[in-house]
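Single-structure report; data block below.
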Protein chains: 4
Amino acid sequence: MEPIRRRALVKATIEEVGRSGSLDVTVARIARRAGMSSALAHHYFGGKEDIFLASMRHILTVFGAAVRGALATARTPEERVRAIIRASFEAGNFHPHVISAWLNFYVHAECSPEAARLLRVYQRRLHSNLVHALRPLVGDRAGEAAEAIAALIDGVYLRHALRERPARPAEAVQLVEGHLDLLLAGGGR
Amino acid sequence: MEPIRRRALVKATIEEVGRSGSLDVTVARIARRAGMSSALAHHYFGGKEDIFLASMRHILTVFGAAVRGALATARTPEERVRAIIRASFEAGNFHPHVISAWLNFYVHAECSPEAARLLRVYQRRLHSNLVHALRPLVGDRAGEAAEAIAALIDGVYLRHALRERPARPAEAVQLVEGHLDLLLAGGGR
Amino acid sequence: MEPIRRRALVKATIEEVGRSGSLDVTVARIARRAGMSSALAHHYFGGKEDIFLASMRHILTVFGAAVRGALATARTPEERVRAIIRASFEAGNFHPHVISAWLNFYVHAECSPEAARLLRVYQRRLHSNLVHALRPLVGDRAGEAAEAIAALIDGVYLRHALRERPARPAEAVQLVEGHLDLLLAGGGR
Amino acid sequence: MEPIRRRALVKATIEEVGRSGSLDVTVARIARRAGMSSALAHHYFGGKEDIFLASMRHILTVFGAAVRGALATARTPEERVRAIIRASFEAGNFHPHVISAWLNFYVHAECSPEAARLLRVYQRRLHSNLVHALRPLVGDRAGEAAEAIAALIDGVYLRHALRERPARPAEAVQLVEGHLDLLLAGGGR
DNA sequence: AATGAATGAGCCTTCATTCAT
DNA sequence: AATGAATGAAGGCTCATTCAT
């Protein structure tokens with residue numbers, strides 16, 4: 001039972017946070033959407049913060065899996081970079097509720113050490129993946145390039161959280177790949 | 001007294017929200033930091049939400065003034081774009097507390113219509129400034145280019161909110177201008 | 001549990017309002033007298049106003065039941081009128097706390113639409129009962145007669161709310177029946 | 001200045017209490033309607049309760065004056081009784097706001113000793129006036145008769161407080177005089 | 001495994017009241 | 001005579017959390 005309940009709660013949390021656009025959702029609401037009592041939610045997780053952390057972990061895990069999956073089929077360095085970008089805006093990750101929940105958790109990291117830790121892990125992995133893929137393409141400037149692409153990805157997420165639904169993954173990808181195109185075209189020398 | 005008190009409250013709000021990295025700060029805390037009772041804070045503003053909106057308005061006003069000031073001395077289109085970028089990361093705007101408060105208000109706009117309205121005004125103005133400056137440089141692609149630069153600016157802000165203090169305006173500017181450099185170098189053709 | 005708690009709260013409300021002679025009683029006081037936390041009171045009712053309305057509804061229900069019960073055993077029109085009068089001052093209704101609570105709710109109806117609605121229902125039912133019983137006795141003048149008796153009942157209640165305890169049902173009945181006696185004696189012609 | 005300000009406040013209080021149908025009106029509102037600051041209201045009266053008491057005193061004074069005036073022109077005992085009844089529903093007293101304020105103060109007496117004292121004075125005077133006028137008409141039964149008429153007057157007031165505006169003095173008088181008519185017609189023997 | 005029952009803690013907000021000017 | 005400025009106190013309400021069943 002436990003894993004089923006936990007999954008249901010995580011899903012409900014993302015939906016509820018995503019819908020309301022705020023972490024000020026009651027445990028009772030989340031539990032109700034997950035089809036159980038709030039007492040049970042507390043039983044399976046320690047408390048509200050733990051539910052949030054589990055949800056954040058889930059979002060980051062899904063994201064990581066998407067990147068890993070995309071990287072597996074990439075053959076060239078350039079393909080690897082594009083794979084990371086595309087994975088970032090894949091349907092599963094780029095759903096309005098998920099975007100909003102992601103942003104809320106992101107901000108929540110400012111006052112939750114554990115959330116900050118999770119986020120740093122994600123950022124470091126993304127950065128390392130990007131650097132690894134970019135090095136053969138731009139050499140020493142891989143670090144800055146990775147930083148710019150990561151910022152661009154986060155910025156696009158941020159701006160989508162406020163936009164009217166639904167999100168347009170294709171546009172998002174194009175915007176970030178536009179930067180990559182410039183980088184590869186002009187940056188060769 | 002009223003303008004003095006209001007200014008003090010806005011300043012205290014930004015500081016308190018910035019420090020804690022969350023909008024879950026009590027009116028009492030804000031008022032205490034501003035050196036008054038919470039009753040007085042409610043007297044001068046209507047309530048908590050109004051204090052937040054006034055603070056957000058203040059941040060956006062300061063930002064707008066910085067951009068306007070920077071634009072005033074720019075002579076060429078390229079200088080105009082760089083002026084906007086630099087103004088975005090000017091010391092006054094790019095203070096850790098301000099960054100954090102800005103981000104929190106940004107997210108708050110997801111569930112506050114008035115905050116959303118304020119944000120849209122800021123976004124539209126930034127976009128229009130960028131497009132106006134970019135058109136002579138990249139022609140039809142000014143719209144996309146503006147979108148990318150704006151996303152980059154927001155992304156850098158977002159990532160700085162999580163970083164350990166203090167912020168590094170110079171690095172931030174360089175990151176965004178790096179994109180502009182690529183754009184202008186590769187966009188000639 | 002719910003019905004038990006609700007009953008306890010209604011009872012405590014009437015007692016507390018009756019004792020203090022005012023609706024300015026805190027939910028906490030009411031809840032404490034009912035043996036629970038104020039949070040639970042808010043849980044079972046929506047808020048203070050709902051607690052008041054439920055209490056008013058209870059008073060009017062008890063009153064209505066008393067009248068219905070008394071009418072059931074009345075054989076003649078005159079007995080019906082006297083039954084209504086006596087039921088109005090029956091021990092259950094004419095308890096000092098109940099009188100005071102009733103009066104407070106009555107006045108509260110001036111600024112609470114739902115309370116006003118409840119009161120109108122009670123008034124209309126009382127009026128209709130009286131008219132129905134009086135018609136065979138005074139014909140066309142049943143309407144005015146009902147109005148006078150109702151006003152007399154309310155006036156006696158009002159004046160008892162201020163009196164030192166305890167109430168004297170017998171005197172109250174006699175006062176109203178005195179009017180009825182005059183009506184029936186002089187109204188023959 | 002003082003008497004002018006006090007009069008203005010009393011008038012504003014009756015209007016404000018009458019309009020809202022509740023004593024839960026802020027001193028600030030009352031003062032604003034009276035065209036002054038709430039601080040000044042506190043200066044002239046000791047506090048909120050004193051403003052209420054002065055307003056109540058004013059209502060009772062006006063009422064008393066109306067009765068005295070009416071009694072002055074009455075020649076026979078019966079005329080005296082009718083004079084009292086008519087004075088009770090005179091335009092000045094029977095204005096919707098005044099009725100509502102009167103009722104609110106009446107109920108307030110349940111938890112304000114001084115208000116209770118004022119009310120008792122009014123009640124005693126009314127009772128004594130009625131008894132004095134009724135004695136020549138109904139002898140020993142003057143006490144009960146006075147009680148009934150007083151209850152009827154209060155009841156009519158009470159019921160008018162809830163009614164839709166405007167009040168109908170004529171109907172009110174007729175209702176109470178109807179009782180008197182019965183009393184004099186049937187009570188002679 | 002699951003929940004209804006229950007509460008302590010805390011926050012926003014209101015308002016009568018005071019005081020310096 | 002008059003008021004703007006200021007606050008302490010208090011109340012309604014919410015909610016995360018606990019616990020007995």
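Everything numeric in this text was worked out from a predicted model, so none of it was measured. Proteins come first, then strands; the chains are lettered A, B, ... in the order of their sequence lines, and each starts at number 1.
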In terms of side-chain heavy atoms of [X], which of [options] is nearest?
X       : options                : value
C:Tyr44 : E:dA1, E:dA5, E:dC12   : E:dA5
C:Leu40 : E:dA6, F:dT3, F:dA6    : E:dA6
B:Ala39 : F:dG8, F:dG4, E:dA6    : F:dG8
A:Thr26 : F:dA16, E:dA16, E:dT13 : F:dA16
C:Ser37 : F:dC13, E:dT7, E:dT13  : E:dT7

Worksheet item: In whole angstrom, what separates A:Glu16's CD from F:dA16's P?
Response: 12 Å
Practice prompt. Figure out the NE2/P separation between C:His43 and E:dT7, and round it to whole Å.
Written response: 11 Å
Item to complete: Check DNA chain F for consecutive Watson-Crick or G-U pairs with both distances under 3.5 Å and list the runs of at least three as stems.
Response: E:2-21 with F:2-21
Practice prompt. Before accepting this row, confirm whether a basic side-chain N of the pair A:Glu114/A:Arg57 lies closer than 4.0 Å to the acidic partner's carboxylate O.
Written response: yes
Worksheet item: Any ion pair linking A:Arg7 and A:Glu2 (charged N to carboxylate O, less than 4.0 Å)?
Response: no
Item to complete: Start with the C-alpha gap between B:Glu15 and B:Arg19, add the side-chain angles, then the distance that decides, and say whether salt bridge (Lys or Arg N to Asp or Glu O under 4.0 Å) holds.
Response: CA-CA 6 Å; B:Glu15 174 131 7; B:Arg19 270 176 198 273; 2.8 Å; yes
Practice prompt. Return the residues of residues 46-57 of chain D meeting this criterion: a heavy atom under 4.0 Å from some atom of DNA chain F. Order them by number, or give none.
Written response: none
Worksheet entry | Nucleic acid contacts of residues 27-35 of chain B, taken as heavy-atom distances under 4.0 Å to DNA chain F | none
Worksheet item: For A:Phe45, which contact category applies under a 4.0 Å heavy-atom criterion: base, sugar-phosphate, or nothing?
Response: nothing
